[in-house]
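This is a predicted model, so every value here is computed, not measured. Order of listing sets the numbers, starting from 1, for every ligand and every atom in it.
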Amino acid sequence: MTLNISPGDLRRMKQARRAAALTGAGVSAESGVPTFRGKDGLWRSFRAEDLATPEAFARDPKLVWEWYDWRRSLIAPLAPNPGHYALAQMEKIFPRFTLITQNVDGLHRAAGSTAPVEMHGNIWLTRCVREGSICENRQAPLPEIPPRCPGCGALLRPHIVWFGESLDPDVLEQAFTAAREAELFFVIGTAAAVQPAASLVGIAKEHGAMVVEVNVEETPVTHLADVSLRGPSGKILPELVNLLQSA
Ligand code: OAD
């Protein structure tokens, strides 16, 4: 695949000292993780309000956990794809690089990204509803549903941001700071349909960043992109890293 990037645009990308990327479910699609809004997307077969809201969990924690247990079991055997590895390499290419992800699958970390800003949480973490303590739990399937806090016996919930909930203020601050300060901002594999994540693209642009989009199709933020690369991120990103590393 030859990327359609002009020499001027490539020069500008290489000159960036502060870069950031916002990723979405599309980055993990080639690893086999289902996306949310595409043809086979999760929100085509499931109603978010039944499964991914605090009200749903209060009503039926077992049902909510069965769904997360199914997703955890589906993701557990999957591996990062070349797109994840290319993003991990970007930490070595740019003096400062912040990876912001909406994904909860943990595949960026598995590929070697050192400190991904996980805006929507992580499916491998649980949180005690009483104490708020966060623990890693990689068992899939879980032996007991719903799982309970080993310390106090209260229910555990997935450490994931549900519809109607606020994002962690520290995580939000990291993401917004990276967007404001970026000279180069990648938006990759996201339908840009969920706020506040999608607004990061406009914020980066307003603060002067060059915006590069990688997606198989157009999105609501395509008009903000200085460069649009159409195609699967697992193919495009390794190619892009090669170009950025070339003399
Ligand atoms: P979506 O499923 O809404 O969008 C996936 C995007 O990836 C679409 O724009 C596709 O065109 C694109 N895409 C698919 N395959 C691709 C590939 N191989 N390479 C590049 N692009 C590809 O997923 P998100 O935008 O991540 O929230 O969804 C955002 C949030 O909505 C999720 O984090 C989740 C969901 O509700 C929570 O769980 C809190």
Side-chain angles (χ1 to χ4, degrees), residues 1 3 21-57 64-65 67-68 70-72 74-75 78-87 99-108 111 116-125 127 157-168 171-172 175 186-201 212-225 227-241:
M1 176 182 286
L3 298 184
L22 170 69
T23 67
V27 163
S28 294
E30 288 153 87
S31 293
V33 182
T35 61
F36 291 93
R37 295 178 181 76
K39 182 166 55 67
D40 301 314
L42 292 174
W43 297 148
R44 291 281 170 112
S45 333
F46 301 98
R47 280 159 43 100
E49 51 273 44
D50 292 341
L51 299 164
T53 63
E55 293 76 23
F57 188 70
V64 170
W65 263 114
W67 190 62
Y68 279 98
W70 168 72
R71 282 178 63 199
R72 286 162 57 103
L74 198 149
I75 297 167
L78 304 180
N81 68 61
H84 294 108
Y85 288 112
L87 282 160
L99 179 62
I100 307 161
T101 188
Q102 299 165 88
N103 298 347
V104 298
D105 55 35
L107 290 178
H108 282 304
V117 178
E118 294 175 318
M119 289 191 89
H120 294 163
N122 186 308
I123 204 163
W124 303 111
L125 299 178
R127 190 164 84 233
R157 59 164 281 178
H159 185 52
I160 284 187
V161 181
W162 284 327
F163 288 97
E165 292 186 317
S166 311
L167 274 70
D168 179 318
V171 165
L172 215 48
F186 296 100
V187 51
I188 308 164
T190 175
V194 170
Q195 297 298 355
S199 69
L200 292 170
V201 187
V212 178
E213 182 175 60
V214 179
N215 202 303
V216 290
E217 53 190 44
E218 268 194 30
T219 74
V221 295
T222 299
H223 70 283
L224 297 172
V227 175
S228 284
L229 302 171
R230 282 280 155 270
S233 49
K235 295 257 166 10
I236 289 184
L237 292 175
E239 190 83 11
L240 188 58
V241 160

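- Between the CG atom of L22 and the CD1 atom of I188 there is a distance of 8.0 Å, given to the nearest 0.5 Å.
- Checked against salt bridge (charged side-chain N to carboxylate O under 4.0 Å, His left out), E55 has no partners two or more places apart in sequence or in another chain.
- Ligand-side atoms of ligand 1 in range of E217: 11 (O), range being under 4.0 angstrom from any heavy atom.
- Closest to atom 7 (O) of ligand 1, if we only count protein heavy atoms, is G189 O, 3.1 Å.
- Across the listed options E218, R230, H120, H120 owns the non-hydrogen atom lying nearest to atom 37 (C) of ligand 1.
- The two residues Y68 and L51 make their nearest non-hydrogen contact at CE1-O, 3.8 Å.
- In terms of the side chain to side chain donor-acceptor pair (under 3.5 Å) criterion, S199 has no residue partners (sequence neighbours excluded).
- At least one heavy atom of F163 sits closer than 4.0 Å to an atom of ligand 1.
- Residue A29 has no nitrogen or oxygen atom sitting less than 3.5 Å from a nitrogen or oxygen atom of ligand 1, judged on distance alone.
- Heavy atoms from both the backbone and the side chain of Q102 come within less than 4.0 Å of ligand 1.
- Annotation: atom 2 (O) of ligand 1 to nearest protein heavy atom, F36 N, 2.6 Å.
- The protein heavy atom nearest to atom 25 (O) of ligand 1 is T190 OG1, 2.7 Å.
- Under 4.0 angstrom from ligand 1, the non-hydrogen atoms of N215 come from both its backbone and its side chain.
- Scanning all protein heavy atoms for the shortest distance to atom 18 (N) of ligand 1 gives E30 OE2, 2.9 Å.
- Within ligand 1, counting atoms from 1 as listed, the ones closer than 4.0 Å to a heavy atom of T35 are 2 (O).
- For atom 20 (C) of ligand 1, the closest heavy atom belonging to the protein is S233 N, 3.6 Å.
- Taking atom 39 (C) of ligand 1 as the reference point, the nearest protein heavy-atom neighbour is V161 O, 3.0 Å.
- Minimum interatomic distance between T23 and V27 (heavy atoms only, all atoms of both residues): CB-CG2, 3.8 Å.
- Counting heavy atoms under 4.0 Å from ligand 1, residue W43 touches it through the side chain alone.
- Relative to atom 17 (C) of ligand 1, the option among G24, G26, S28 with the closest non-hydrogen atom is G26.
- At a heavy-atom distance under 4.0 Å, atoms from both the backbone and the side chain of R37 approach ligand 1.
- Side-chain contact of S28 with H108: a donor-acceptor pair under 3.5 Å is absent, judged by distance alone.
- When D105, T23, V194 are checked for heavy-atom proximity to atom 30 (C) of ligand 1, V194 turns out nearest.
- Between the side chain of T219 and the backbone N or O of A191, no donor-acceptor pair lies under 3.5 Å.
- To the nearest 0.5 Å, atoms NE2 (H84) and CG (D105) are separated by 5.5 Å.
- At under 3.5 Å, a nitrogen or oxygen of A25, whether backbone or side chain, sits near a nitrogen or oxygen of ligand 1.
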Next on the checklist: Could you walk me through whether N215 and R230 satisfy the side chain to side chain contact (heavy atoms under 4.5 Å, CB included) test, starting with their C-alpha distance in whole Å, then the side-chain angles of each, then the deciding distance to 0.1 Å, before giving a yes or no?
Outcome noted: CA-CA 5 Å; N215 202 303; R230 282 280 155 270; 4.0 Å; yes
Next on the checklist: Could you go through M119 and V161, starting from their C-alpha distance and side-chain angles, then the distance that decides it, and tell me whether this counts as side chain to side chain contact (heavy atoms under 4.5 Å, CB included)?
Outcome noted: CA-CA 8 Å; M119 289 191 89; V161 181; over 6 Å; no
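- Atom CH2 of W124 sits about 15.0 Å away from atom NE2 of H159, to the nearest 0.5 Å.
- Using a cut-off of 4.0 Å between Lys/Arg side-chain N and Asp/Glu carboxylate O, E217 and R37 are scored as not salt-bridged.
- Taking a cut-off of under 4.0 Å to the non-hydrogen atoms of P232, the atoms of ligand 1 that pass are 17 (C), 18 (N), 19 (N).
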